[in-house]
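A short write-up of the structure that comes next.
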2 protein chains.
Amino acid sequence: MMDKDKIKDIVRQKFTDYLTVKKCRKTPERFAILDMIYSIPGHFDMDSLNNAMNNEHFRVSKGTLYNTMQLLLDCKLVLKHQFGNSHSHYERAFNNDFHHHLICSQCGCVQEYKDNELKSMIQNKKIKRFTPSLYSLYIFGICGKCSAAMKRRKNNTK
Amino acid sequence: MMDKDKIKDIVRQKFTDYLTVKKCRKTPERFAILDMIYSIPGHFDMDSLNNAMNNEHFRVSKGTLYNTMQLLLDCKLVLKHQFGNSHSHYERAFNNDFHHHLICSQCGCVQEYKDNELKSMIQNKKIKRFTPSLYSLYIFGICGKCSAAMKRRKNNTK
DNA sequence: TTTACTGCAAATATTTTGCAATATC
DNA sequence: GATATTGCAAAATATTTGCAGTAAA
(Lines give C-alpha, C1' and ligand atoms only; values in the text may rest on other atoms or scores of the structure.)
Protein backbone atom coordinates (compact mmCIF):
# COMPACT_ATOMS: atom_id res chain seq x y z
CA MET A 1 0.00 0.00 0.00
CA MET A 2 1.31 3.39 -0.97
CA ASP A 3 1.95 6.14 1.55
CA LYS A 4 -1.12 8.32 2.12
CA ASP A 5 0.67 11.61 1.47
CA LYS A 6 2.13 10.29 -1.74
CA ILE A 7 -1.34 9.29 -2.92
CA LYS A 8 -2.62 12.74 -2.09
CA ASP A 9 0.19 14.25 -4.16
CA ILE A 10 -0.67 12.06 -7.12
CA VAL A 11 -4.40 12.78 -7.07
CA ARG A 12 -3.72 16.49 -6.60
CA GLN A 13 -1.59 16.35 -9.73
CA LYS A 14 -4.25 14.42 -11.63
CA PHE A 15 -6.87 16.96 -10.59
CA THR A 16 -4.58 19.83 -11.61
CA ASP A 17 -4.10 18.27 -15.04
CA TYR A 18 -7.83 17.77 -15.45
CA LEU A 19 -8.64 21.35 -14.43
CA THR A 20 -6.01 22.64 -16.85
CA VAL A 21 -7.38 20.64 -19.77
CA LYS A 22 -10.93 21.71 -18.95
CA LYS A 23 -9.79 25.33 -18.51
CA CYS A 24 -11.18 25.42 -14.99
CA ARG A 25 -9.64 27.40 -12.14
CA LYS A 26 -7.46 25.81 -9.51
CA THR A 27 -9.11 27.17 -6.38
CA PRO A 28 -8.05 26.33 -2.82
CA GLU A 29 -11.59 25.07 -2.12
CA ARG A 30 -11.31 22.39 -4.79
CA PHE A 31 -8.01 21.07 -3.53
CA ALA A 32 -9.14 21.21 0.10
CA ILE A 33 -12.15 19.07 -0.81
CA LEU A 34 -10.01 16.59 -2.74
CA ASP A 35 -7.59 16.37 0.18
CA MET A 36 -10.38 15.76 2.65
CA ILE A 37 -11.89 13.02 0.50
CA TYR A 38 -8.56 11.27 0.34
CA SER A 39 -8.32 11.46 4.13
CA ILE A 40 -11.58 9.55 4.58
CA PRO A 41 -11.00 5.78 4.61
CA GLY A 42 -14.33 4.43 3.34
CA HIS A 43 -17.65 5.67 2.08
CA PHE A 44 -18.98 9.11 2.87
CA ASP A 45 -21.94 11.30 1.99
CA MET A 46 -22.20 15.04 1.43
CA ASP A 47 -23.18 15.69 5.00
CA SER A 48 -20.27 13.84 6.59
CA LEU A 49 -17.85 15.41 4.11
CA ASN A 50 -19.20 18.83 4.95
CA ASN A 51 -18.82 18.16 8.68
CA ALA A 52 -15.29 16.86 8.20
CA MET A 53 -14.37 20.04 6.30
CA ASN A 54 -15.84 22.19 9.07
CA ASN A 55 -13.81 20.32 11.68
CA GLU A 56 -10.66 21.09 9.73
CA HIS A 57 -11.72 24.74 9.74
CA PHE A 58 -12.07 24.87 5.99
CA ARG A 59 -15.72 25.68 5.52
CA VAL A 60 -17.06 25.57 1.98
CA SER A 61 -20.61 26.11 0.80
CA LYS A 62 -22.91 23.29 -0.22
CA GLY A 63 -22.87 24.63 -3.76
CA THR A 64 -19.10 24.40 -3.99
CA LEU A 65 -19.18 20.92 -2.51
CA TYR A 66 -21.57 19.68 -5.20
CA ASN A 67 -19.78 21.56 -7.95
CA THR A 68 -16.39 20.11 -6.98
CA MET A 69 -17.83 16.62 -6.57
CA GLN A 70 -19.08 16.73 -10.13
CA LEU A 71 -15.60 17.61 -11.35
CA LEU A 72 -14.09 14.79 -9.31
CA LEU A 73 -16.62 12.34 -10.72
CA ASP A 74 -15.86 13.52 -14.26
CA CYS A 75 -12.15 12.93 -13.87
CA LYS A 76 -12.81 9.62 -12.08
CA LEU A 77 -11.08 10.49 -8.81
CA VAL A 78 -14.33 9.77 -6.96
CA LEU A 79 -17.09 7.17 -7.39
CA LYS A 80 -20.76 7.78 -6.64
CA HIS A 81 -23.25 5.21 -5.37
CA GLN A 82 -26.97 5.22 -4.73
CA PHE A 83 -27.98 2.17 -2.77
CA GLY A 84 -31.73 2.76 -2.77
CA ASN A 85 -31.89 4.69 0.49
CA SER A 86 -32.35 8.44 0.20
CA HIS A 87 -28.96 10.06 -0.36
CA SER A 88 -25.85 9.42 -2.45
CA HIS A 89 -22.70 7.81 -1.15
CA TYR A 90 -19.23 8.47 -2.47
CA GLU A 91 -15.80 6.91 -2.18
CA ARG A 92 -12.38 7.75 -3.48
CA ALA A 93 -11.49 5.93 -6.69
CA PHE A 94 -7.69 6.18 -7.01
CA ASN A 95 -5.55 3.56 -5.26
CA ASN A 96 -8.70 2.11 -3.72
CA ASP A 97 -8.97 -1.61 -4.51
CA PHE A 98 -11.97 -2.00 -6.75
CA HIS A 99 -14.79 -3.83 -5.03
CA HIS A 100 -18.47 -4.72 -5.29
CA HIS A 101 -21.08 -3.89 -2.66
CA LEU A 102 -23.27 -6.02 -0.39
CA ILE A 103 -26.28 -4.12 0.90
CA CYS A 104 -28.44 -5.49 3.69
CA SER A 105 -32.14 -4.99 2.95
CA GLN A 106 -32.85 -5.27 6.67
CA CYS A 107 -30.44 -2.88 8.40
CA GLY A 108 -29.15 -1.02 5.34
CA CYS A 109 -25.47 -1.68 6.10
CA VAL A 110 -23.06 -1.73 3.17
CA GLN A 111 -20.06 -4.06 2.99
CA GLU A 112 -17.32 -4.13 0.40
CA TYR A 113 -17.03 -7.40 -1.50
CA LYS A 114 -13.87 -8.17 -3.45
CA ASP A 115 -13.97 -10.86 -6.10
CA ASN A 116 -11.39 -10.71 -8.86
CA GLU A 117 -13.01 -13.44 -10.94
CA LEU A 118 -16.20 -11.39 -11.16
CA LYS A 119 -14.31 -8.17 -11.70
CA SER A 120 -12.32 -9.44 -14.65
CA MET A 121 -15.30 -11.14 -16.26
CA ILE A 122 -17.28 -7.90 -16.14
CA GLN A 123 -14.37 -5.75 -17.27
CA ASN A 124 -13.50 -8.03 -20.18
CA LYS A 125 -16.99 -8.11 -21.66
CA LYS A 126 -17.11 -6.76 -25.18
CA ILE A 127 -20.42 -4.92 -25.59
CA LYS A 128 -21.80 -3.96 -28.99
CA ARG A 129 -22.15 -0.24 -29.61
CA PHE A 130 -21.17 0.69 -26.06
CA THR A 131 -17.81 1.76 -24.64
CA PRO A 132 -17.74 1.01 -20.91
CA SER A 133 -15.70 3.11 -18.54
CA LEU A 134 -16.75 1.89 -15.10
CA TYR A 135 -19.34 -0.27 -13.42
CA SER A 136 -21.14 -0.89 -10.14
CA LEU A 137 -22.38 -4.23 -8.86
CA TYR A 138 -24.77 -4.06 -5.93
CA ILE A 139 -25.85 -7.31 -4.29
CA PHE A 140 -28.87 -6.95 -2.00
CA GLY A 141 -29.68 -9.47 0.69
CA ILE A 142 -29.48 -10.16 4.41
CA CYS A 143 -26.23 -9.60 6.30
CA GLY A 144 -24.84 -12.03 8.88
CA LYS A 145 -25.91 -9.96 11.87
CA CYS A 146 -29.51 -9.58 10.72
CA SER A 147 -29.69 -13.22 9.73
CA ALA A 148 -28.53 -14.26 13.23
CA ALA A 149 -30.98 -11.84 14.84
CA MET A 150 -33.87 -13.29 12.83
CA LYS A 151 -32.91 -16.84 13.79
CA ARG A 152 -32.79 -15.84 17.45
CA ARG A 153 -36.22 -14.22 17.28
CA LYS A 154 -37.65 -17.31 15.58
CA ASN A 155 -36.31 -19.60 18.32
CA ASN A 156 -37.73 -17.37 21.05
CA THR A 157 -41.26 -17.55 19.69
CA LYS A 158 -41.13 -21.36 19.41
CA MET B 1 -43.71 -15.38 -23.83
CA MET B 2 -46.77 -15.71 -21.67
CA ASP B 3 -49.97 -13.85 -22.37
CA LYS B 4 -50.09 -10.42 -20.74
CA ASP B 5 -53.44 -10.99 -19.01
CA LYS B 6 -52.26 -14.31 -17.62
CA ILE B 7 -49.17 -12.60 -16.17
CA LYS B 8 -51.37 -9.96 -14.59
CA ASP B 9 -53.48 -12.69 -13.00
CA ILE B 10 -50.41 -14.39 -11.58
CA VAL B 11 -48.88 -11.25 -10.10
CA ARG B 12 -52.26 -10.21 -8.71
CA GLN B 13 -52.40 -13.58 -6.97
CA LYS B 14 -48.84 -13.21 -5.69
CA PHE B 15 -49.62 -9.75 -4.35
CA THR B 16 -52.81 -11.05 -2.71
CA ASP B 17 -50.84 -13.80 -0.98
CA TYR B 18 -48.23 -11.32 0.21
CA LEU B 19 -50.83 -8.90 1.57
CA THR B 20 -52.57 -11.76 3.36
CA VAL B 21 -49.38 -12.98 5.01
CA LYS B 22 -48.45 -9.44 6.02
CA LYS B 23 -52.01 -8.83 7.26
CA CYS B 24 -52.37 -5.83 4.96
CA ARG B 25 -55.61 -4.78 3.30
CA LYS B 26 -56.40 -5.61 -0.29
CA THR B 27 -57.51 -2.19 -1.50
CA PRO B 28 -58.52 -1.41 -5.10
CA GLU B 29 -55.78 1.26 -5.25
CA ARG B 30 -53.06 -1.33 -4.65
CA PHE B 31 -54.30 -3.66 -7.37
CA ALA B 32 -54.86 -0.81 -9.81
CA ILE B 33 -51.24 0.27 -9.33
CA LEU B 34 -49.94 -3.27 -9.78
CA ASP B 35 -52.03 -3.67 -12.95
CA MET B 36 -50.75 -0.40 -14.38
CA ILE B 37 -47.15 -1.35 -13.68
CA TYR B 38 -47.63 -4.63 -15.49
CA SER B 39 -49.06 -2.73 -18.47
CA ILE B 40 -45.89 -0.63 -18.84
CA PRO B 41 -43.33 -2.40 -21.07
CA GLY B 42 -40.05 -1.01 -19.79
CA HIS B 43 -38.73 1.32 -17.10
CA PHE B 44 -40.86 3.97 -15.48
CA ASP B 45 -40.63 6.57 -12.74
CA MET B 46 -43.17 7.80 -10.21
CA ASP B 47 -44.20 10.69 -12.40
CA SER B 48 -44.91 8.63 -15.52
CA LEU B 49 -46.72 6.00 -13.45
CA ASN B 50 -48.85 8.69 -11.88
CA ASN B 51 -49.68 10.15 -15.30
CA ALA B 52 -50.52 6.73 -16.67
CA MET B 53 -52.90 6.13 -13.75
CA ASN B 54 -54.58 9.50 -14.35
CA ASN B 55 -55.09 8.66 -18.03
CA GLU B 56 -56.86 5.46 -17.01
CA HIS B 57 -59.06 7.57 -14.74
CA PHE B 58 -57.81 5.88 -11.61
CA ARG B 59 -56.23 8.72 -9.69
CA VAL B 60 -54.30 7.83 -6.56
CA SER B 61 -52.38 10.14 -4.27
CA LYS B 62 -48.58 10.34 -4.28
CA GLY B 63 -48.58 8.90 -0.79
CA THR B 64 -50.46 5.79 -1.87
CA LEU B 65 -48.18 5.41 -4.87
CA TYR B 66 -45.06 5.38 -2.68
CA ASN B 67 -46.70 3.20 -0.06
CA THR B 68 -47.77 0.60 -2.62
CA MET B 69 -44.42 0.70 -4.38
CA GLN B 70 -42.72 -0.19 -1.12
CA LEU B 71 -44.98 -3.23 -0.74
CA LEU B 72 -44.28 -4.29 -4.33
CA LEU B 73 -40.55 -3.95 -3.76
CA ASP B 74 -40.80 -6.01 -0.56
CA CYS B 75 -42.57 -8.88 -2.31
CA LYS B 76 -40.19 -8.57 -5.30
CA LEU B 77 -42.83 -7.85 -7.92
CA VAL B 78 -41.00 -4.62 -8.78
CA LEU B 79 -37.32 -3.63 -8.99
CA LYS B 80 -35.95 -0.19 -8.16
CA HIS B 81 -32.96 1.49 -9.79
CA GLN B 82 -31.06 4.71 -9.20
CA PHE B 83 -28.75 5.44 -12.08
CA GLY B 84 -27.09 8.54 -10.67
CA ASN B 85 -29.45 11.07 -12.16
CA SER B 86 -31.98 12.59 -9.80
CA HIS B 87 -34.96 10.26 -9.45
CA SER B 88 -35.59 6.54 -9.06
CA HIS B 89 -36.54 4.23 -11.90
CA TYR B 90 -38.61 1.10 -11.53
CA GLU B 91 -39.45 -1.92 -13.64
CA ARG B 92 -41.62 -4.96 -13.22
CA ALA B 93 -39.76 -8.00 -11.93
CA PHE B 94 -41.97 -11.00 -12.67
CA ASN B 95 -41.70 -12.63 -16.10
CA ASN B 96 -39.29 -9.91 -17.14
CA ASP B 97 -36.04 -11.44 -18.42
CA PHE B 98 -33.38 -10.47 -15.94
CA HIS B 99 -30.91 -8.05 -17.43
CA HIS B 100 -28.08 -5.69 -16.59
CA HIS B 101 -28.02 -1.98 -17.43
CA LEU B 102 -25.84 0.14 -19.69
CA ILE B 103 -25.98 3.82 -18.78
CA CYS B 104 -24.55 6.49 -21.07
CA SER B 105 -22.60 9.10 -19.12
CA GLN B 106 -23.12 11.53 -21.99
CA CYS B 107 -26.84 11.47 -22.79
CA GLY B 108 -28.08 9.50 -19.78
CA CYS B 109 -29.88 6.86 -21.82
CA VAL B 110 -30.32 3.42 -20.28
CA GLN B 111 -30.18 0.19 -22.28
CA GLU B 112 -30.90 -3.32 -21.11
CA TYR B 113 -27.99 -5.71 -21.44
CA LYS B 114 -28.59 -9.45 -21.27
CA ASP B 115 -25.68 -11.76 -20.57
CA ASN B 116 -26.41 -15.15 -19.10
CA GLU B 117 -22.78 -16.00 -18.43
CA LEU B 118 -22.47 -12.94 -16.20
CA LYS B 119 -25.84 -13.53 -14.62
CA SER B 120 -25.10 -17.09 -13.59
CA MET B 121 -21.62 -16.26 -12.32
CA ILE B 122 -23.02 -13.53 -10.08
CA GLN B 123 -25.99 -15.61 -8.92
CA ASN B 124 -23.85 -18.65 -8.12
CA LYS B 125 -21.37 -16.79 -5.93
CA LYS B 126 -21.27 -18.09 -2.38
CA ILE B 127 -20.68 -15.13 -0.10
CA LYS B 128 -19.61 -15.55 3.52
CA ARG B 129 -22.06 -14.30 6.11
CA PHE B 130 -24.41 -12.81 3.52
CA THR B 131 -27.58 -14.25 1.94
CA PRO B 132 -28.16 -12.58 -1.42
CA SER B 133 -31.65 -12.11 -2.80
CA LEU B 134 -31.15 -9.91 -5.85
CA TYR B 135 -28.54 -7.78 -7.53
CA SER B 136 -28.02 -4.86 -9.90
CA LEU B 137 -25.15 -4.43 -12.32
CA TYR B 138 -24.79 -0.97 -13.82
CA ILE B 139 -22.19 -0.42 -16.53
CA PHE B 140 -21.46 3.24 -17.23
CA GLY B 141 -19.87 4.42 -20.46
CA ILE B 142 -20.61 6.01 -23.84
CA CYS B 143 -23.47 4.71 -26.01
CA GLY B 144 -23.18 4.15 -29.75
CA LYS B 145 -25.04 7.31 -30.69
CA CYS B 146 -22.95 9.59 -28.48
CA SER B 147 -19.76 7.89 -29.61
CA ALA B 148 -20.70 8.51 -33.26
CA ALA B 149 -21.65 12.12 -32.51
CA MET B 150 -18.28 12.73 -30.85
CA LYS B 151 -16.41 11.25 -33.80
CA ARG B 152 -18.37 13.51 -36.19
CA ARG B 153 -17.59 16.60 -34.14
CA LYS B 154 -13.92 15.68 -34.05
CA ASN B 155 -13.78 15.30 -37.85
CA ASN B 156 -15.51 18.65 -38.36
CA THR B 157 -12.93 20.56 -36.35
CA LYS B 158 -10.05 18.95 -38.23
C1' DT C 1 -8.74 43.29 -16.21
C1' DT C 2 -11.68 39.63 -17.23
C1' DT C 3 -14.73 36.27 -15.86
C1' DA C 4 -14.95 31.76 -13.43
C1' DC C 5 -15.89 30.57 -8.87
C1' DT C 6 -17.62 31.28 -4.22
C1' DG C 7 -21.13 31.86 -0.53
C1' DC C 8 -25.59 32.59 0.41
C1' DA C 9 -30.32 32.07 0.02
C1' DA C 10 -34.06 30.79 -2.55
C1' DA C 11 -35.93 27.40 -5.77
C1' DT C 12 -36.71 22.74 -7.30
C1' DA C 13 -37.44 17.94 -6.94
C1' DT C 14 -38.36 13.88 -4.53
C1' DT C 15 -40.02 11.35 -0.88
C1' DT C 16 -42.08 11.15 3.84
C1' DT C 17 -45.32 12.32 7.36
C1' DG C 18 -49.49 13.92 10.05
C1' DC C 19 -54.28 13.96 10.18
C1' DA C 20 -59.16 13.66 9.29
C1' DA C 21 -62.20 10.97 6.35
C1' DT C 22 -63.10 6.47 4.34
C1' DA C 23 -63.34 1.66 3.39
C1' DT C 24 -61.63 -3.07 4.45
C1' DC C 25 -62.08 -6.88 7.27
C1' DG D 1 -67.16 -1.66 14.78
C1' DA D 2 -62.16 -1.38 14.82
C1' DT D 3 -58.44 0.31 12.48
C1' DA D 4 -55.55 0.17 8.24
C1' DT D 5 -55.45 2.95 4.30
C1' DT D 6 -56.54 6.89 1.62
C1' DG D 7 -56.13 11.84 -0.05
C1' DC D 8 -54.45 16.05 0.95
C1' DA D 9 -51.27 19.27 2.41
C1' DA D 10 -47.33 20.29 4.86
C1' DA D 11 -42.69 18.82 6.12
C1' DA D 12 -38.31 16.89 5.47
C1' DT D 13 -34.42 15.93 2.51
C1' DA D 14 -31.31 16.42 -1.32
C1' DT D 15 -29.66 18.94 -4.95
C1' DT D 16 -29.66 22.94 -8.19
C1' DT D 17 -29.79 27.67 -9.41
C1' DG D 18 -29.44 32.85 -9.47
C1' DC D 19 -26.88 36.59 -8.09
C1' DA D 20 -23.62 39.84 -6.13
C1' DG D 21 -19.05 39.83 -4.45
C1' DT D 22 -14.30 37.76 -4.74
C1' DA D 23 -10.21 35.96 -6.56
C1' DA D 24 -7.65 33.17 -10.24
C1' DA D 25 -5.44 33.80 -14.49
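By convention in this document, chain letters (A, B, ...) are assigned in the order of the sequence lines, proteins followed by strands, and residues within each chain are numbered from 1.
Side-chain contact check for B/L102 versus B/Y138: every heavy-atom pair is 4.5 Å or farther apart. By the 4.5 Å heavy-atom criterion applied to side chains, A/M69 and A/I37 are counted as neighbours.
Scored by the side-chain contact (heavy atoms from CB on, under 4.5 Å) test, B/C109 finds B/C104, B/C107, B/C143 as partners (sequence neighbours excluded).
Scanning residues 25-44 of chain B for heavy-atom distances under 4.0 Å to DNA chain C yields B/R25, B/K26, B/P28. Heavy-atom distances under 4.0 Å link DNA chain C to A/R59, A/V60, A/S61, A/T64, A/N67 of residues 58-70 of chain A, given in residue order.
Sorted by first then second residue, the ring pair (Phe, Tyr, Trp, His ring centres under 6.0 Å) pairs that include residues 16-41 of chain A, not counting sequence neighbours, are A/F15-A/F31. Annotation: salt bridge (Lys or Arg N to Asp or Glu O under 4.0 Å) contacts involving residues 12-29 of chain B, sequence neighbours excluded, comprise B/D9-B/R12, B/R12-B/D35. Screening residues 122-135 of chain B for side-chain hydrogen bond (donor to acceptor under 3.5 Å, both in side chains), with sequence neighbours left out, gives A/D115-B/K125, A/E117-B/K125, B/H100-B/Y135. Listed by first then second residue, pairs satisfying salt bridge (Lys or Arg N to Asp or Glu O under 4.0 Å) with a partner in residues 65-90 of chain A number zero, not counting sequence neighbours.
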Check: residues 41-50 of chain A side-chain donor-acceptor pairs under 3.5 Å, at least two apart:
{"residue": "A/H43", "atom": "NE2", "partner": "A/H101", "partner atom": "NE2", "Å": "3.1"}
{"residue": "A/D45", "atom": "OD1", "partner": "A/D47", "partner atom": "N", "Å": "3.3"}
{"residue": "A/D45", "atom": "OD1", "partner": "A/S48", "partner atom": "N", "Å": "2.8"}
{"residue": "A/D45", "atom": "OD1", "partner": "A/S48", "partner atom": "OG", "Å": "3.0"}
{"residue": "A/D45", "atom": "OD2", "partner": "A/H87", "partner atom": "NE2", "Å": "3.0"}
{"residue": "A/S48", "atom": "OG", "partner": "A/D45", "partner atom": "N", "Å": "3.1"}
{"residue": "A/S48", "atom": "OG", "partner": "A/D45", "partner atom": "O", "Å": "3.1"}

Name every donor-acceptor pair, under 3.5 Å, that has one atom in a side chain of residues 52-67 of chain B and the other anywhere in the protein, sequence neighbours excluded.
{"residue": "B/S61", "atom": "OG", "partner": "B/T64", "partner atom": "N", "Å": "3.3"}
{"residue": "B/S61", "atom": "OG", "partner": "B/T64", "partner atom": "OG1", "Å": "3.1"}

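Summary for the helix from C/dT1-D/dA25 to C/dC25-D/dG1: the axes at its two ends, each from 5 pairs, differ by 40° when rounded to the nearest 10 degrees.
Heavy-atom contacts of chain A under 4.0 Å fall on DNA chain C between two terminal nucleotides, which in 5' to 3' order are C/dT3 to C/dC8.
Under a 4.5 Å side-chain heavy-atom criterion applied to ILVMFWY residues, the cluster that includes B/I142 comprises B/M150 as well.
In this structure, CG in A/D5 is found 11.0 Å from CD1 in A/I10, a value given to the nearest 0.5 Å.
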